[in-house]
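Here the structure is laid out as structure tokens; the discussion comes afterwards.
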There are 2 protein chains.
Amino acid sequence: MTLVKENSTWNFNKELSMQACPVSFVMNKIGGHWKPIILYQLMSGAKRYSELKRAIPTITEKMLIQHLKQLQADGLVIRTAEPVVPPHVIYQFSPRGESLKPVLNAIAAWGYEQWSSDGI
Amino acid sequence: MTLVKENSTWNFNKELSMQACPVSFVMNKIGGHWKPIILYQLMSGAKRYSELKRAIPTITEKMLIQHLKQLQADGLVIRTAEPVVPPHVIYQFSPRGESLKPVLNAIAAWGYEQWSSDGI
DNA sequence: ATAGCTGCTTACTTAAGGGTAAGTACTTGT
DNA sequence: ACAAGTACTTACCCTTAAGTAAGCAGCTAT
């Protein structure tokens, strides 16, 4: 995983923000370019790695696996691997991830509204 | 403002995502490192530039003004300047920004919940 | 007259995130 | 023997976001 300089100003600010602003805290878990897209896909149910890849054609394998791992580390998704060949791995929301669904739906609903009311 | 290469892969993907995923669309408006923090401050009412600066001690003026401008451009905040010396400029939610409040509250609520249930 | 307040702007540097492309392990189908 | 499928991993580079530091305009209080 990308290594991060422990004492960079940026890291310091990030920590501070996460402690001071609950919205920042959440953005750190579900924000960024790819996480919303992955989470959105998982909202319709468990998916295997290759399904996600196909569902999000523009994502690279590196990004997909990197963010899945992060979501796992944050306790939002669960990875289940069946020891068969070829491998069969599924990703799905954990209970904590499930509790995010209403939030994601609220976000998406606002997005749809704005989107239709002013074009892209 | 920062100029952006029109045809970069990243830009292309970003456009695609915003069209395909409503959550991404919203993240592009309110995500990133500083926007959530600024929006959170504005939720408690109109603030002048210097108040925001003091309320968010670790933000640089460059970041503050840059994101305020972006939020303005996205129609989420309104800037009002009184032509006095020293200048007096206030920033507040537009009606569209107001409509975001429930969403931000939902996000914050989830954040608080998670935060208390597993430490930072 | 000089420092201070306010709300910015600019030029430059660094750090983080993302993209490209290749490789790995292990088995089934041909 | 070799291609194909699955789920990754790795090394390297480029783009974008953020940080640093300085300056400006215009008035006011010392």
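Numbers restart at 1 for each chain; the letters A, B, ... are given by sequence-line order, proteins then strands.
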What distance do A:Trp34 atom CH2 and A:Thr58 atom OG1 have between them, rounded to the nearest 0.5 Å?
-> 3.5 Å
For the pair made of NE2 in A:His88 and P in C:dT27, what is the distance, rounded to whole Å?
-> 18 Å
Which listed nucleotide (C:dG18, C:dG7, D:dG5) is nearest to the side chain of A:Val85?
-> D:dG5
Interatomic distance, B:Ile59 CD1 vs D:dG19 P [rounded to whole Å] | 8 Å
Can a salt bridge be assigned to the pair A:Lys101 and A:Glu98 using a cut-off of 4.0 Å between side-chain N and carboxylate O?
-> yes
Distance from B:Trp110 atom CH2 to A:Leu100 atom CG, nearest 0.5 Å?
-> 4.0 Å
Given atom CD of A:Gln70 and atom P of C:dA16, what is their separation to the nearest angstrom?
-> 14 Å
Nearest to the side chain of B:Pro86 - C:dG18, C:dC5, D:dG5?
-> C:dC5
Given C:dT9, is OP1 or OP2 found less than 4.0 Å from the side-chain N or O atoms of B:Lys69?
-> yes
Write down the distance between CE (B:Met63) and C1' (C:dT10), rounded to a whole number of angstrom.
-> 13 Å
Counting side-chain heavy atoms from C-beta on, which of D:dG19, C:dG18, C:dG7 comes nearest to B:Ser50?
-> C:dG7
Value in whole Å for how far the C1' atom of C:dA16 lies from CG of A:Asn28 | 13 Å
Whole Å only: how far is the CD1 atom of B:Ile65 from the C1' atom of C:dG7?
-> 7 Å
Between D:dA7, C:dG7, D:dA18, which one does the side chain of B:His33 approach most closely?
-> D:dA18
Check whether any side-chain nitrogen or oxygen of B:His67 sits under 4.0 Å from OP1 or OP2 of D:dA18, and answer yes or no.
-> yes
Whole angstrom is fine here: how far is it from CG in A:Leu64 over to P in C:dG19?
-> 12 Å
Rounded off to whole Å, could you give me the CD-to-P distance for the B:Glu82 and C:dT6 pair?
-> 14 Å
Does A:Lys47 reach the main-chain N or O of A:Lys53 with its side chain, forming a donor-acceptor pair under 3.5 Å?
-> no
Minimum-distance nucleotide (side-chain atoms of B:Lys62 versus C:dG7, D:dT6, D:dT20) | D:dT20
First of A:Thr60 and A:Lys14 reached from the 5' end of DNA chain C, by closest nucleotide = A:Lys14
So, does A:Lys35 use its side chain to make a donor-acceptor pair with the main chain of A:Met27 at under 3.5 Å?
-> no
B:Arg48 side chain N/O closer than 4.0 Å to the phosphate oxygens (OP1, OP2) of C:dG7?
-> yes
